[in-house]
Visitor: 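I have a structure here, written as structure tokens, and I will follow up with some questions on it.
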Number of protein chains: 2
Amino acid sequence: MKVSREQMAENRRRILDVASRLFKDKGFDAVSVAEVMKAAGMTHGGFYGHFTSKDDLVAQTLAHALAADSFGDGEFSGFVRSYLAPRHRDNPGSGCPTAGLAAAIRHQTPAAKAAMAEGLRTQIARIEHALPDQGSADARRAAIGSWAAMVGAVILARSIDDPELSNEVLEQTRAWIDANVG
Amino acid sequence: MKVSREQMAENRRRILDVASRLFKDKGFDAVSVAEVMKAAGMTHGGFYGHFTSKDDLVAQTLAHALAADSFGDGEFSGFVRSYLAPRHRDNPGSGCPTAGLAAAIRHQTPAAKAAMAEGLRTQIARIEHALPDQGSADARRAAIGSWAAMVGAVILARSIDDPELSNEVLEQTRAWIDANVG
DNA sequence: ACATTTACATGATGACAATCATATTTAAAT
DNA sequence: ATTTAAATATGATTGTCATCATGTAAATGT
């Protein structure tokens with residue numbers, strides 16, 4: 001059955017939202033096209049009317065998710081605190097797409113890598129802008145270094161079974177960034 | 001055909017070595033049991049004499065690879081320089097298993113996560129020991145923070161298609177660590 | 001209203017992978 | 001030497017997935 005133009009646009013948006021959550025939760029490979037479509041309230045058949053392939057969905061989902069990624073209106077140190085928190089570590093599906101997906105992008109198409117590059121540029125600029133000495137060479141260095149540490153810390157914290165060590169990785173990284181930024 | 005005891009032990013070692021390289025290069029999901037066995041010079045049938053499942057191979061490969069992971073005899077800053085180098089970024093198969101596999105461990109078995117926890121503990125201790133103020137609370141903080149930054153930087157640098165930005169991520173993270181350690 | 005387009009559903013198709021069953025060959029044990 | 005046990009090979013088996021072919025019904029344009 002055909003659907004109205006708006007309905008189709010909304011369906012497409014829902015597919016991207018749902019795919020973002022599922023990909024972040026389970027990884028690109030562990031999520032089937034049929035699973036995405038079912039979660040979006042449709043069957044798998046209509047998928048290829050919206051996207052040319054699963055690779056296409058991956059690339060568009062990345063662009064979609066990374067565009068929305070941001071840190072509200074708080075200060076930088078508030079952003080760091082919430083980013084390096086157990087709540088974020090324990091909820092990848094609703095969390096940062098960079099922490100959840102960056103490592104897997106290496107095995108994806110050029111379009112996916114291009115979307116990631118654009119998202120990374122934006123994020124570095126955002127952080128740089130939020131730092132006290134914005135515009136200086138030190139600020140760019142601190143933006144890149146602290147963002148790498150944040151992403152790395154969440155990935156490491158999620159990769160282990162030892163809750164104590166996992167918490168320490170988050171907390172020490174937060175303290176290390178706090179001590180060295182600004 | 002049966003093989004000698006030593007031959008079998010060597011076969012097992014070769015499977016783990018080859019699996020480590022393939023997993024780091026292509027990811028756990030993209031490497032089949034048959035591919036690992038073929039690369040080790042055998043057919044897929046004998047696999048289950050060495051390991052109970054592919055999950056078992058993943059966990060044992062991680063333990064194997066992380067145990068060997070270390071930074072030679074150089075200084076910490078030399079280790080950082082070679083870790084955050086284009087050569088390392090561009091050769092995941094022969095590179096650090098943490099940078100190559102950490103993010104994927106989230107989707108693996110508890111045994112894999114336990115192997116990663118052990119590897120992470122060891123690596124943090126190694127770095128802490130190599131720092132000038134080893135033993136202090138600051139040294140542990142710096143060890144964890146800089147290791148998170150190194151791992152995150154390599155993952156980010158590998159996830160994008162823009163060589164200039166990728167190089168900058170490596171270089172600025174190196175400078176940021178250099179400026180804040182010791 | 002009618003014709004046409006099109007978004008989605010249903011149901012193949014073909015490829016590939018993990019695991020297992022059985023056969024073969026040879027190292028060890030006696 | 002002969003027997004036994006084990007390591008690997010060969011060849012199913014079973015399930016899953018991406019993609020495609022075709023059907024259907026509703027929306028849009030005339």
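Throughout, a chain's letter reflects where its sequence line sits, starting with A, and its residues are numbered from 1.
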Visitor: In whole Å, what is the span from the CZ atom of B/F47 to the P atom of D/dG11?
Guide: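 For the pair B/F47 CZ and D/dG11 P, the rounded distance is 21 Å.
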
Visitor: Could you give the CG-to-P distance, from B/D56 to C/dA18, as a whole number of Å?
Guide: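 Distance check: B/D56 CG to C/dA18 P gives 14 Å.
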
Visitor: From CG of B/L57 over to P of C/dA18, roughly how many Å is that when rounded to an integer?
Guide: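 Answer to the nearest Å: 10 Å.
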
Visitor: List the atom pairs, with distances to 0.1 Å, where a side-chain N or O of residues 59-67 of chain B and a protein N or O form a donor-acceptor pair under 3.5 Å, not counting sequence neighbours.
Guide:
from  : atom 1 : to    : atom 2 : distance (Å)
B/Q60 : OE1    : B/R12 : NH2    : 2.5
B/Q60 : NE2    : B/D56 : OD1    : 3.1
B/Q60 : NE2    : B/D56 : OD2    : 3.4
B/T61 : OG1    : B/L57 : O      : 2.7
B/H64 : NE2    : B/D17 : OD1    : 2.7

Visitor: Closest nucleotide of DNA chain C for A/M42 versus for B/K54: which of these residues is on the 5' side?
Guide: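 The answer here is A/M42.
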
Visitor: Calculate the interatomic distance between B/F51 atom CZ and C/dA18 atom C1'; express it in whole Å.
Guide: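 These atoms are roughly 15 Å apart.
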
Visitor: Can you tell me the distance, in whole Å, between the OH atom of A/Y48 and the P atom of C/dG11?
Guide: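 For the pair A/Y48 OH and C/dG11 P, the rounded distance is 19 Å.
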
Visitor: Please round to the nearest 0.5 Å and tell me the distance separating atom CD1 of B/I127 and atom CD of B/Q123.
Guide: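 Here the rounded value is 4.5 Å.
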
Visitor: Might you work through the side chain to side chain contact (heavy atoms under 4.5 Å, CB included) test for A/V169 and B/W147, ending with a clear yes or no?
Guide: CA-CA 10 Å; A/V169 167; B/W147 182 235; over 6 Å; no

Visitor: When you check the gap from the basic side-chain N to the acidic O, do B/E171 and B/R174 get nearer than 4.0 Å?
Guide: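 Salt bridge present between B/E171 and B/R174.
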
Visitor: Name all residues meeting the salt bridge (Lys or Arg N to Asp or Glu O under 4.0 Å) criterion together with B/R81; count only those two or more places apart in sequence or in a different chain, and write none if there are none.
Guide: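 Not a single residue meets the salt bridge (Lys or Arg N to Asp or Glu O under 4.0 Å) criterion with B/R81.
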
Visitor: Strictly below 4.0 Å: does A/H44 bring a side-chain N or O up to OP1 or OP2 of D/dC17?
Guide: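 For D/dC17, OP1/OP2 do not have a side-chain N/O of A/H44 under 4.0 Å.
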
Visitor: For A/K24 and A/G93, indicate whether the former's side chain and the latter's backbone hold a donor-acceptor pair under 3.5 Å.
Guide: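 Flag set: sc A/K24 to bb A/G93 pair under 3.5 Å.
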
Visitor: Under the salt bridge (Lys or Arg N to Asp or Glu O under 4.0 Å) test, which residues partner B/D162, sequence neighbours left out?
Guide: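 Once residues adjacent in sequence are excluded, the partners of B/D162 under the salt bridge (Lys or Arg N to Asp or Glu O under 4.0 Å) criterion are A/R121.
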
Visitor: Which part of the nucleic acid, if any, lies within contact of A/G45, taking any heavy atom under 4.0 Å across all strands shown: a base, the sugar-phosphate backbone alone, or nothing?
Guide: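 Base: the residue A/G45, judged by heavy atoms under 4.0 Å, touches a nucleobase.
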
Visitor: With a 4.0 Å cutoff (strictly under), does any side-chain N or O of B/K2 reach OP1 or OP2 of D/dT8?
Guide: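 No, B/K2 has no side-chain N/O under 4.0 Å of OP1/OP2 on D/dT8.
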
Visitor: Checking B/R89 now: which residues fulfil salt bridge (Lys or Arg N to Asp or Glu O under 4.0 Å) with it, not counting sequence neighbours?
Guide: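 For B/R89, no residue satisfies salt bridge (Lys or Arg N to Asp or Glu O under 4.0 Å) once neighbours in sequence are set aside.
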
Visitor: Looking at DNA chain D, which of residues 3-39 of chain B put a heavy atom within less than 4.0 Å of it?
Guide: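 When residues 3-39 of chain B is checked for heavy atoms under 4.0 Å from DNA chain D, the hits, listed by number, are B/V3, B/M8, B/N11.
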
Visitor: Check A/K54, A/K26, A/R21 against A/E35 for a salt bridge (charged side-chain N to carboxylate O under 4.0 Å, His left out) and give me the one that passes.
Guide: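 Testing each of A/K54, A/K26, A/R21 against A/E35, the sole residue satisfying salt bridge (charged side-chain N to carboxylate O under 4.0 Å, His left out) is A/K26.
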
Visitor: Report the end-to-end axis angle of the helix from C/dA1-D/dT30 to C/dT30-D/dA1; each axis comes from five terminal pairs, and the value is rounded to 10°.
Guide: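 That helix has its two terminal axes inclined by roughly 20°.
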
